[in-house]
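Everything below concerns the one structure shown next.
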2 protein chains.
Amino acid sequence: MRLHLWIETDTGLLFGLGRALLLQKIDQLGSIKRAADELGMSYRAAWGKIRKSEEILGEKLILQGCSKRDGCELTEAGRLLMEKFLLWYDTVEKEALEKAREMLPLRIKGYSEKKKTVD
Amino acid sequence: MRLHLWIETDTGLLFGLGRALLLQKIDQLGSIKRAADELGMSYRAAWGKIRKSEEILGEKLILQGCSKRDGCELTEAGRLLMEKFLLWYDTVEKEALEKAREMLPLRIKGYSEKKKTVD
DNA sequence: AACAATTATGTCAAAACTAGCATAACATAA
DNA sequence: TTATGTTATGCTAGTTTTGACATAATTGTT
């Protein structure tokens with residue numbers, strides 16, 4: 001059993017674990033392309049997701065105009081959001097699952113803790 | 001700012017606020033049809049959603065074979081799940097939003113608390 | 001028995017979303 | 001200055017999800 005959890009603002013934001021992990025990978029690898037490859041998605045998809053998030057947040061998450069030969073990196077805001085979000089997500093997910101165990105009448109089968117890539 | 005939050009098990013369950021509120025309405029009104037109307041969805045859609053949840057849960061949520069003239073009502077399991085889920089959701093959402101305010105670097109605009117129909 | 005309201009489902013179109021192709025532009029290395 | 005890898009973006013086809021239509025079957029009312 002696991003949670004799907006994301007944030008949405010009035011303006012329609014949609015920022016969830018997927019985006020955060022993508023930003024994390026970009027940060028680690030210094031390239032949208034390589035991050036996309038490693039996460040098994042197309043560059044187009046990765047780029048599109050980030051763009052949409054930026055659009056709604058009204059803030060750049062990725063440095064533009066950075067080297068077009070060697071990749072790209074996050075903006076300060078991007079890195080901050082990514083880090084904080086992952087922290088928040090971890091906390092909330094843990095609590096929510098715990099509470100679910102206490103409060104919900106669900107026969108929980110395997111209880112497969114999703115392996116987290118948040119190291 | 002608000003949360004999207006639902007539960008998914010290994011078998012693919014997908015039970016979220018929408019389902020819970022639907023069950024709640026059915027419980028209140030004693031009819032899938034009337035609940036669907038009131039929630040602005042088609043009977044077909046409402047029925048389908050419930051069916052899918054039942055299927056994956058392996059448990060009836062709605063009494064079948066009940067009057068086809070005057071409506072239907074929840075099973076014991078259905079009512080229990082609905083009630084507990086709404087409680088759980090409320091708790092988790094509140095905590096998550098609070099933590100978000102503390103932890104996340106998001107400029108929260110209107111902070112429109114979603115009006116809850118959980119009375 | 002005839003009628004009305006509702007459950008229960010199949011089906012098929014429509015709409016939303018996703019994936020992938022194509023391509024321009026550009027920066028850096030050689 | 002040519003080659004390569006990447007950012008950046010439009011567009012289209014394919015897939016998945018959702019929604020509406022049709023229609024039995026059933027049950028209570030009159």
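Note that the coordinates shown come from a computational prediction; the quantities given were computed from them, not determined experimentally. Scope of the values below: all heavy atoms of this structure, side chains included, with no hydrogens, waters or symmetry mates. In what follows, chains carry the letters A, B, and so on, assigned in the order in which the sequence lines appear, proteins first and then strands, with residues in each chain numbered from 1.
D/dG5 atom P lies 11 Å from atom CZ of A/Arg34, rounded to whole Å. Counting to the nearest Å, the P atom of C/dA25 and the NZ atom of A/Lys33 are 21 Å from each other. Atoms CD1 (B/Ile62) and P (C/dT7) sit 8 Å apart, rounded to a whole Å. When rounded to the nearest whole Å, the span between CD of B/Glu73 and C1' of C/dT7 equals 14 Å. In this structure, B/Ile50 places its CD1 atom 13 Å from C1' of C/dT6, rounding to the nearest Å.
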**Request:** Go along nucleotides 10-24 of chain C 5' to 3' and tag each nucleotide: B for a protein heavy atom under 4.0 Å from its base, S when only backbone or sugar atoms are that close, - otherwise.
**Result:** BB--------BB---
**Asked** What does nucleotides 25-30 of chain D look like as a protein-contact string, B for base, S for sugar-phosphate only, - for none, at under 4.0 angstrom between heavy atoms?
**Response** -BBBS-
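No salt bridge links B/Lys99 with B/Glu102; every basic N to acidic carboxylate O contact stays at or beyond 4.0 Å.
Applying the salt bridge (charged side-chain N to carboxylate O under 4.0 Å, His left out) rule to pairs touching residues 38-49 of chain B yields B/Lys25-B/Glu38, sequence neighbours excluded. Here salt bridge (charged side-chain N to carboxylate O under 4.0 Å, His left out) pairs that include residues 71-86 of chain A, with residues two or more places apart or in two chains, are A/Asp27-A/Arg79, A/Glu76-A/Arg79.
Of the residues in residues 74-81 of chain B, not one places a heavy atom less than 4.0 Å from an atom of DNA chain D.
Within the 3.5 Å criterion, the main-chain N or O of B/His4 finds no donor-acceptor partner in the side chain of A/Glu8.
Summary of helix geometry: the two end axes of the helix from C/dA1-D/dT30 to C/dA30-D/dT1, each defined by five base pairs via their C1' atoms, are inclined to each other by 10° (rounded to 10°).
Counting only heavy atoms from C-beta outward, the side chains of B/Trp6 and B/Leu17 never approach each other to under 4.5 Å.
Listed nucleotides C/dT7, C/dT9, D/dA8 differ in distance to B/Cys72; the shortest reach to its side chain belongs to C/dT7.
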